[in-house]
Enquirer: 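Here it is, the structure, as C-alpha cells.
So that the names make sense, note that chain A is the first sequence line, chain B the second, and so on, each numbered from 1.
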There are 2 protein chains.
Amino acid sequence: MDGGAERPAKARKTSWKKDPEAVRQNILAIATEEFAAHGLSGANINEIARRTSTSKRMIYYYFGDKEGLYCAVLEGVYAFLRRSEDLLDVAGLDPVKALRRLIEATFDAHANAPHFIRLVMIENIHNADYLRKSDIVPNLNRSIIDKLSDVCRRGKAEGLFRAGADPLELHWLISSFSFYNVSNRATFSASFGTSLYSKAHQAALKERLADMVMAAVVIGHDPKSWS
Amino acid sequence: MDGGAERPAKARKTSWKKDPEAVRQNILAIATEEFAAHGLSGANINEIARRTSTSKRMIYYYFGDKEGLYCAVLEGVYAFLRRSEDLLDVAGLDPVKALRRLIEATFDAHANAPHFIRLVMIENIHNADYLRKSDIVPNLNRSIIDKLSDVCRRGKAEGLFRAGADPLELHWLISSFSFYNVSNRATFSASFGTSLYSKAHQAALKERLADMVMAAVVIGHDPKSWS
DNA sequence: TGACAAATTAACCCTTAAGTACAAAAAAGG
DNA sequence: CCTTTTTTGTACTTAAGGGTTAATTTGTCA
C-alpha cells in the first residue's frame, strides 16, 4: 500500500515479560471504568484499548468479545462488594448494636462503590440479562442475608425485635436508600440542589435512616435524630 | 449505481395529510419506549422510525438529532409524573392521614410509571447532563415538595410530628424506596428471587414502608404492620 | 391561480466501531 | 532446541446506524 515493495519488519517492542494475570487485570480495571461511565453500548472497545497498557488484540484474546468483557467486569464489581461485606463481623455485638452496624456499613459500602452502583444500574437497564447468565452471582449476596438473619433471630429471641422483622425485606429496605443515595444523586441534585450531599448532611442522613429502621424493628426504640 | 442510466421516478405515496402534531406525538410515543428500553446509545433511530407510522427523515425534521429526540422524551415523562402528582389533593386531610396518603400515592405512582423510572436511571448514567440542559425541569418537582411542606408544617403546629421532619429529606426518603422498588427489580430478583414482587407482597411492603416513615415522623405512632 | 412555506416521501451517504486476518517474535518451560 | 503461550503490530472487513440530499405534495394566502 505505502510504497508497494515489502517493507522491512517494523520496529517492535523488543523486550517484555509474560504476565497474563497483570494484563487481564489492567484490561479489567480500565473496562470497569469505561462500562461504568458509558454503559454497555456506550463504551468503546477502541477507547478501552487505548487506555490500557496493552492492545485491542489482547482484549479479544482474553475476553472473546465485548459482552464477555462486560460480564467479567460485572462479576468483578459484585465480588468487590462481597469482600467488603465479608470483612464485617457483628456476631459479637448485641442485636441492637449489630443491626445499627449493619445498616451503617451497608450505607457506607454503597457510597464507596460508585462503579458497582453504576454497573448495577446498567445491568437493570438490560433486565439483568448478563447477571442471570453468570454462574457466580447467586452465592455473592448470601453473606449479607445470613448476617441479617442471624441478627433478627437473636433480636427476636431476646424479645427486642418486632415479630414482623424479615431479613430479606430488611435487606431490601437498607439497600434501597443506600443505593438510591448514590444512583440518583445526579438527577436529584439537578432538581433539588446539592444540599443533601454535603459531607455533614450525608452523615446526618445516615443516622436518621438508621434510626428509622431501628424504630421500625426494635421495640421501644427512641429515634433521637428526628427530634 | 444499479444499472447506470437514470431510472424513472419511483412510485411515491400519492396522497397524504398534513398533521404535524399527530406525527410528533407518534414519534415521541415510540421513542419513549425505545429509549426507556435501550438507553440513549442503545436505542436505534432506524428501529424507532420503523415502528412509527412515519419515516426516519421526519424524526430529524422535528427533533433535529438523536439527542434532541431524547430530550423531548425526557421532558415528556417528567411532565407525565408531574400531572399525576398534581391530581393528588391532601389539603383537606389531617396531617397524619395526609402524610400516609402522600407516601402511598408516591409509591404507586412510581410503580405505574416504569418508563419514567427507566429514563431517570438512564439520565443518571449520563450524570443528568440532559436534564440540566432542560429549562422546564426545575419547576417540575415543585408540587410534591410543596405538599409535603404543607403537611409537615401542619403536623408540627398540631404537635403531632417530630421537629426533625424535613420535607426535602422526607421526599428523598419516600422516593428512594419507591424508585428502587422499580429500578432494581431485575437485579434484586436475579439475586434473591421474585417473592417481594408478588401483588400481595407489594401491597404489604407498601404498608410497612408507610408505617416505617410514619413511625419516624409521627410522635407515638404504632407500626402495626411490623408486629 | 399561482407562488410559497410547511410537511412528507424516497433513496443515499459516510463515519464509527466491533471484530478479524495475517504475520511474526519474544518468553517460558521442558 | 522445540513447543506452546503470550505479546506485538497493522491493516482490513463489514455491518450498523446516525445523519443528509433532493424531489414532491399539501395547504394557504396574495
Side-chain angles (χ1 to χ4, degrees), chain A residues 1-28 30-31 34-35 37-73 130, chain B residues 1-28 30-31 34-35 37-73 130:
Chain A
M1 197 157 281
D2 56 355
E6 66 284 359
R7 88 190 73 96
K10 268 279 180 62
R12 275 165 192 258
K13 205 180 257 189
T14 48
S15 176
W16 40 269
K17 261 195 72 179
K18 258 188 171 177
D19 194 349
E21 204 42 45
V23 170
R24 259 188 79 96
Q25 289 309 314
N26 175 234
I27 294 171
L28 265 183
I30 303 292
E34 289 290 317
F35 281 124
H38 308 294
L40 174 50
S41 49
N44 183 325
I45 294 277
N46 292 315
E47 174 65 12
I48 293 172
R50 198 190 59 72
R51 290 189 52 204
T52 62
S53 44
T54 177
S55 66
K56 178 158 81 158
R57 187 68 193 74
M58 294 307 281
I59 294 176
Y60 286 95
Y61 183 71
Y62 282 115
F63 298 97
D65 59 9
K66 196 183 189 182
E67 288 193 2
L69 181 57
Y70 172 79
C71 287
V73 162
Y130 303 96
Chain B
M1 195 161 276
D2 57 354
E6 67 282 357
R7 87 192 72 95
K10 269 278 177 65
R12 276 169 191 254
K13 204 181 258 189
T14 47
S15 176
W16 40 270
K17 262 195 72 180
K18 265 186 169 177
D19 193 350
E21 202 43 43
V23 170
R24 256 188 81 98
Q25 289 308 315
N26 175 232
I27 293 171
L28 264 184
I30 303 292
E34 289 290 318
F35 281 124
H38 306 116
L40 175 50
S41 50
N44 182 325
I45 294 278
N46 291 313
E47 175 64 12
I48 293 172
R50 198 189 59 72
R51 291 188 53 205
T52 62
S53 44
T54 177
S55 67
K56 178 159 76 158
R57 187 62 188 82
M58 295 309 281
I59 295 175
Y60 287 93
Y61 183 70
Y62 283 115
F63 299 97
D65 59 9
K66 197 182 189 183
E67 289 193 1
L69 180 57
Y70 173 79
C71 286
V73 162
Y130 303 96

Enquirer: Just the rounded figure in Å: distance from P of D:dA16 to CG of A:N44.
Expert: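 After rounding, the reported distance stands at 18 Å.
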Enquirer: Which pair of heavy atoms, one from A:A43 and one from A:H38, lies closest together, and at what distance?
Expert: N-CB, 3.7 Å
Enquirer: Considering only residues two or more places apart or on different chains, which pairs with a residue in residues 40-49 of chain A satisfy salt bridge (Lys or Arg N to Asp or Glu O under 4.0 Å)?
Expert: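 Every pair satisfying salt bridge (Lys or Arg N to Asp or Glu O under 4.0 Å) with a residue in residues 40-49 of chain A: A:E47-A:R50.
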Enquirer: Figure out the CG/C1' separation between A:D19 and D:dT6, and round it to whole Å.
Expert: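 To the nearest whole Å, that distance equals 11 Å.
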Enquirer: Using the side chain to side chain contact (heavy atoms under 4.5 Å, CB included) criterion, which residues pair with B:Q25? Sequence neighbours excluded.
Expert: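 Listed in chain order: B:E21, B:L28.
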Enquirer: For A:L40 and C:dA17, what is the distance between atoms CG and C1' respectively, to the nearest whole Å?
Expert: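 Rounding to the nearest Å, CG of A:L40 and C1' of C:dA17 are 14 Å apart.
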Enquirer: With the threshold set at under 4.0 Å for non-hydrogen atoms, list the residues of residues 56-65 of chain B touching DNA chain C in residue-number order.
Expert: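 Within this stretch, B:R57, B:M58, B:Y61, B:Y62 sit under 4.0 Å of the strand.
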Enquirer: Find the distance A:K17:NZ to C:dA28:C1' and express it as a whole number of Å.
Expert: 11 Å
Enquirer: Does a side-chain N or O from B:T54 land closer than 4.0 Å to OP1 or OP2 of C:dT9, or not?
Expert: yes
Enquirer: As a quick check of understanding, evaluate side chain to side chain contact (heavy atoms under 4.5 Å, CB included) for A:T52 and A:V23, giving each step before the final call.
Expert: CA-CA 9 Å; A:T52 62; A:V23 170; over 6 Å; no
Enquirer: Taking atom P of D:dT5 as reference, at what distance in whole Å does atom CD of A:E21 sit?
Expert: 17 Å
Enquirer: Which ones in residues 45-52 of chain A lie close to DNA chain C, meaning a heavy atom under 4.0 Å from one of its atoms?
Expert: A:I45, A:N46
Enquirer: Between C1' on C:dA6 and CZ on B:R24, what's the gap in Å once rounded to a whole number?
Expert: 15 Å
Enquirer: Counting any heavy atom closer than 4.0 Å, what does A:K18 reach on the DNA or RNA strands: base, sugar-phosphate only, or nothing?
Expert: base
Enquirer: Taking only residues two or more places apart in sequence or in another chain, which ones pass ring-ring contact (aromatic ring centres under 6.0 Å, His included) with A:Y70?
Expert: A:F35, A:Y130
Enquirer: Rounded to the nearest 0.5 Å, what separation is found between the CD1 atom of B:I27 and the OG atom of B:S53?
Expert: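 The CD1 atom of B:I27 sits 8.5 Å away from the OG atom of B:S53.
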Enquirer: Rounding to an integer number of Å, can you tell me how far B:E34 CD sits from D:dG18 P?
Expert: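 Taking CD of B:E34 and P of D:dG18, I get 11 Å after rounding.
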Enquirer: Heavy atoms only: give me the nearest B:V73-B:A31 pair and the separation to one decimal.
Expert: CG2-CB, 3.8 Å
Enquirer: What residue pairs, at least two apart or across chains, pass ring pair (Phe, Tyr, Trp, His ring centres under 6.0 Å) with a residue in residues 42-65 of chain A?
Expert: none
Enquirer: Minimum heavy-atom separation for B:K66 and B:L40, please, with both atom names.
Expert: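 For B:K66 and B:L40, the tightest heavy-atom pair comes out as NZ-O, 2.8 Å.
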